[in-house]
2 protein chains.
Amino acid sequence: MPTPDRTSLAAIVTAGRELLERGGPAKVSMQAVADRVGVRAPSLYKRVRDREALLQLIAEDIVDDLGTVLAASDGTLTGLAHAYRTFAHTHPEGFRYLYASSPDLAHLQRASEPVLQAARAAVGEERALDAARLVTAWATGFLSMELAGAFRLGGDVDGAFEYGLAQLQVALRQS
Amino acid sequence: MPTPDRTSLAAIVTAGRELLERGGPAKVSMQAVADRVGVRAPSLYKRVRDREALLQLIAEDIVDDLGTVLAASDGTLTGLAHAYRTFAHTHPEGFRYLYASSPDLAHLQRASEPVLQAARAAVGEERALDAARLVTAWATGFLSMELAGAFRLGGDVDGAFEYGLAQLQVALRQS
DNA sequence: ACCTGAACACCGTTCAAGT
DNA sequence: ACCTGAACACCGTTCAAGT
């Protein structure tokens, strides 16, 4: 005798993401997720293999959102960098978790497509991949360090971001 | 009646670091650490407030090692970048954990001193902090992404590192 | 002063039994 | 077909009792 579904995979992932954003990965317990979607913990295993698989799905959901945000930018390297930083500030725990986990390659590739495109426009087909990696590595490192509080020493963090971006533009214009 | 000490804080931190390096933070359980130093889990609480404090100590131990490695390099930005990368390859889990946690500021500052010095030599006192942050952010982001497998797509990863380093040198030479 | 076994709360996961 | 309570293994942590 079938029972009407009391939850869904999407609801579970969303609940997990909310918990992640509120308190980091440690707060994403199966019990807390189950509470949030109105079901008992064992029921989650009907839709998700285990906790690790759930965290993976959450990471992919975050990458997809990031991809949407980047695609909605003006497509210049500056625009992309600022959109990336805004995303990191809006979803700090999600952003940090992205690089703590090993997100699925296909999702990552889709999200970074606009960056590759902007790099292509800036330095040409030949150097596009290297240039995209240069800018992405810098921005990712900068935001990781900013969120980790590694810039607490002083100096203007916004200024340091703009400085870095300007320097990279200079470098890319020379190739 | 005093009992002879059966372990030490240093031994506990070392054991924890070995476990971290072997299997990531999840493998650093109080029981596993206790087993490794030849004591029962509750005894650890004589030397360490709780698991989180132990992980913090492990992170600081890693930063100290990194500082030593960087200080032993030739002191140029290129030398520092390569030393940093070698460290990340030798201690991948430790490196990843460093940026997942929020390492103590004093330790971080000591470790990054040589980078600031190299930046000072390259661009002068005025721009040293911004330049150090540019290079550090790039290298940290690059290594995080490399270790996370974000470069699995293809292309020459070593080549991308050298390309990035060269571009940054060009940019810094212009300021 | 340090160490231990016992105990507690909590979590991930499995499974037989319910609808 | 999905949901649940009960159960199990495991973990972090506390504490009274040992030396």
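All heavy atoms count here, side chains included; hydrogens, waters and symmetry mates do not. First the proteins, then the strands, lettered A, B, ... as listed; each starts at 1.
- Atom CE in Met30(A) sits about 14 Å away from atom P in dT4(D), given to the nearest Å.
- Between Arg40(B) and dC3(C) there is no side-chain polar atom (N or O) within less than 4.0 angstrom of OP1 or OP2.
- Spacing between atom CZ of Arg47(A) and atom P of dT13(C) amounts to 17 Å, rounded to whole angstrom units.
- We find that OH of Tyr45(B) is positioned 5 Å from C1' of dT13(D), with the value rounded to whole Å.
- dT4(C) atom P lies 12 Å from atom NZ of Lys46(B), rounded to whole Å.
- We find that CD of Gln31(B) is positioned 12 Å from P of dG5(C), with the value rounded to whole Å.
- Using a 4.0 Å cut-off between charged nitrogen and carboxylate oxygen, Glu93(B) and Lys27(B) do not count as a salt-bridge pair.
- Spacing between atom NZ of Lys27(A) and atom C1' of dC11(C) amounts to 13 Å, rounded to whole angstrom units.
- Between the side chains of Tyr84(B) and Thr140(B), at least one donor N or O lies within less than 3.5 Å of an accepting N or O.
- Across every strand in view, dT19(D) sits in a pair with dA1(C) that passes the Watson-Crick or G-U test at under 3.5 angstrom.
- When heavy atoms are screened at a 4.0 angstrom cut-off, Arg49(A) is found touching no nucleic acid atom at all.
- Of the N and O atoms on the side chains of Gln56(B) and Glu60(B), at least one donor lies less than 3.5 Å from an acceptor on the other residue.
- Remark: P of dT19(C) and CG of Asp5(A) are 19 Å apart, rounded to the nearest angstrom.
- Here the shortest heavy-atom pairing between Leu98(A) and Val63(A) reads CD1-CG2, 3.6 Å.
- For Glu52(B) and dG12(D), the CD to P distance is 12 Å, given to the nearest whole Å.
- For dT4(C), the OP1/OP2 oxygens have a side-chain nitrogen or oxygen of Arg6(B) closer than 4.0 Å.
- Shown here, dA6(D) forms a base pair with dT14(C); the pair counts as Watson-Crick or G-U wobble because both key distances fall under 3.5 Å.
- Each of Phe151(A), Tyr163(A), Phe95(A) was scored for a ring-ring contact (aromatic ring centres under 6.0 Å, His included) with Phe142(A), with one residue passing: Phe151(A).
- Comparing dC11(D), dT4(D), dT13(D) by their closest approach to the side chain of Pro42(A) singles out dT4(D).
- No contact: Ser8(B) has no heavy atom under 4.0 Å from any strand.
- In this model, the phosphate group of dC2(D) is not approached by any side-chain N or O of Ser43(A) to a distance below 4.0 Å at OP1 or OP2.
- Considering only side-chain atoms of Thr7(A), the nucleotide from dT4(C), dG12(D), dC3(D) that sits closest is dC3(D).
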